[in-house]
Amino acid sequence: MRRLNSTPHHTSGFVLVGFLEWPRLEMALLVVVSIFYIVTLFGNSAIILLSRLDPKLHTPMYFFLANLSFLDLCYTTSTVPQMLINIQSHKRSISYVGCIAQLFIFLGLGSTECVLLSIMAFDRYVAICQPLRYTVVMHSKLCQQLAAVAWITGFSNSLVQTVLTSLLPRCGKYQIENFFCEVPAMLQLSCVDTWVNEVEMYAAVVVIKVIPLGLILFSYINIVRAVIRIQSSEGRKKAFHTCGSHLLVVIMFYGSAISGYAYMAPKSSSAKLKGKLLALFYGLMTPMLNPLIYTLRNKDVKAAVKKILGREQEQGWNLA
């Protein structure tokens, strides 16, 4: 195992241990994560641009999808560049202010995504269960208000947890057992009883993760009931196809995030590795796969891409 070159005091900074115990894995991750990060940037940026440029995509579904894509761009950018710099330069340090800022932003974005996914499920519920009232219920003002609720709720939760975590004394401990600053890893540095923080954290999990997940399940139970009543097989297929992409994203995000709590205080080296790989999955893989899941079989997005590319070709020919 390589030793850390620097040991900054906790008041001036922290050391992000990351995958230091697995140097070969770390070098492989440098290449793989770099490629995945570029794909994430390209895919999510493309969805945002398409939803803005094509009038046919000016619908509630694509409004929320654009919000999700913007969120995923910020989500990965809050941790991945720091991780790549640390691996490449072998410099593990992060300033105290930088760590707290990263903690606040990453947690805020993750919390926002939980609420946003439940709102997207509600949008699908209205579209399938109340199709005649869809445009009346999901008007633009309500969509903007629901998106604002998601962002405000997410960052309010993050603010509370970040403040409580930053106030804990660390008594000289500075090595964070992850590649970014997060609440469970920061709690392990404390030299006092953290039961208040843990109770608050689990309460936040209920509000931010469990309640939205319950709303998602409620929405999809009603969606399934409505789809079963559709007589046309083509109509059932279209309804399931519309919801399938969102449901897959929900399973990936919630599955990896909830599994991560099993490795909050890992004892063995293998448990540490599993916890860090899970954190990498929901911090990078899910945001990278979201655009692919939503667009690979989506006729509207494919049509928008062809339309925009065709327009650019026509402009190029006119210039020529």
Side-chain angles (χ1 to χ4, degrees), residues 47 50-51 54-69 71-72 112-151 153-154 205-259 282 286-287 289-307:
I47 285 183
L50 287 173
S51 64
D54 193 335
K56 290 184 178 180
L57 300 184
H58 293 175
T59 63
M61 176 180 171
Y62 291 103
F63 170 77
F64 292 125
L65 183 56
N67 268 266
L68 181 64
S69 294
L71 188 154
D72 284 339
T112 301
E113 182 156 355
C114 292
V115 181
L116 186 60
L117 287 174
S118 67
I119 292 172
M120 293 173 75
F122 172 72
D123 171 66
R124 294 298 83 207
Y125 161 76
V126 177
I128 293 174
C129 298
Q130 301 180 35
L132 298 179
R133 299 183 63 235
Y134 180 65
T135 55
V136 177
V137 175
M138 299 301 296
H139 53 83
S140 60
K141 187 176 181 181
L142 178 63
C143 292
Q144 293 169 4
Q145 290 171 342
L146 290 173
V149 167
W151 286 93
T153 303
V205 168
V206 172
V207 174
I208 298 297
K209 285 190 170 72
V210 177
I211 292 178
L213 183 58
L215 294 174
I216 291 170
L217 292 174
F218 174 80
S219 297
Y220 275 101
I221 288 171
N222 285 279
I223 287 171
V224 170
R225 288 176 177 174
V227 171
I228 291 174
R229 290 195 296 266
I230 297 175
Q231 296 179 354
S232 167
S233 59
E234 186 65 28
R236 286 196 297 268
K237 183 180 178 181
K238 184 178 180 181
F240 278 124
H241 173 68
T242 302
C243 300
S245 300
H246 176 259
L247 192 58
L248 182 57
V249 169
V250 168
I251 292 170
M252 285 197 312
F253 179 79
Y254 273 94
S256 57
I258 292 173
S259 298
Y282 69 75
T286 303
L289 293 173
N290 283 354
L292 298 176
I293 292 170
Y294 277 109
T295 58
L296 279 179
R297 296 175 61 190
N298 191 308
K299 295 180 180 178
D300 293 335
V301 174
K302 288 180 180 179
V305 171
K306 290 179 181 178
K307 182 179 178 181

Give, for atom CD1 of I216 and atom CD1 of I211, the distance between the pair rounded to the nearest 0.5 Å.
-> 12.5 Å

Closest heavy-atom pair and its distance - A150, L116 = CB-N, 4.1 Å

Could you list the donor-acceptor pairs under 3.5 angstrom formed between side-chain atoms of residues 122-131 and any protein atom two or more places apart in sequence or on another chain?
| from | atom 1 | to | atom 2 | distance (Å) |
| --- | --- | --- | --- | --- |
| D123 | OD1 | Y134 | OH | 2.6 |
| R124 | NH2 | Y134 | OH | 3.4 |
| Q130 | OE1 | R133 | NH1 | 2.7 |

For Q144, check side-chain contact (heavy atoms from CB on, under 4.5 Å) against everything at least two apart and list the hits.
-> F63

Where do M252 and I293 come nearest, in terms of heavy atoms and distance?
-> CE-CD1, 3.3 Å

For P212, all residues meeting side-chain contact (heavy atoms from CB on, under 4.5 Å), sequence neighbours excluded = S118, Y254

Atom pair CG/CG of L289 and L248 - distance to nearest 0.5 Å = 8.5 Å

Smallest heavy-atom separation, L50 atom then L57 atom, equals O-CD1, 3.6 Å

With rounding to the nearest 0.5 Å, note down the distance linking CD in Q145 to OG in S140.
-> 9.5 Å

Working to the nearest 0.5 Å, report the span between CZ of F253 and CG of L117.
-> 6.5 Å

Interatomic distance, OG1@T112 vs CD1@I208, rounded to 0.5 Å, equals 8.0 Å

Looking only at heavy atoms, which two atoms of M138 and C143 are closest? And how far apart?
-> O-SG, 3.9 Å

Below 4.5 Å, heavy atoms only, C-beta onward: do L68 and Y294 meet side chain to side chain?
-> yes

For I119 and L146, which heavy atoms make the closest approach, and how far apart are they?
-> CD1-O, 3.1 Å

Between CD1 on residue I251 and OG1 on residue T286, distance to nearest 0.5 Å | 12.0 Å

Taking the side chain as C-beta and beyond, is there a heavy-atom pair between W151 and L71 under 4.5 Å?
-> yes

Can I get a per-line list of side-chain donor-acceptor pairs under 3.5 Å for residues 219-228, giving both atom names and the distance, sequence neighbours left out?
| from | atom 1 | to | atom 2 | distance (Å) |
| --- | --- | --- | --- | --- |
| S219 | OG | L215 | O | 2.9 |
| Y220 | OH | C243 | O | 3.3 |
| Y220 | OH | H246 | ND1 | 2.7 |
| N222 | ND2 | F218 | O | 2.7 |

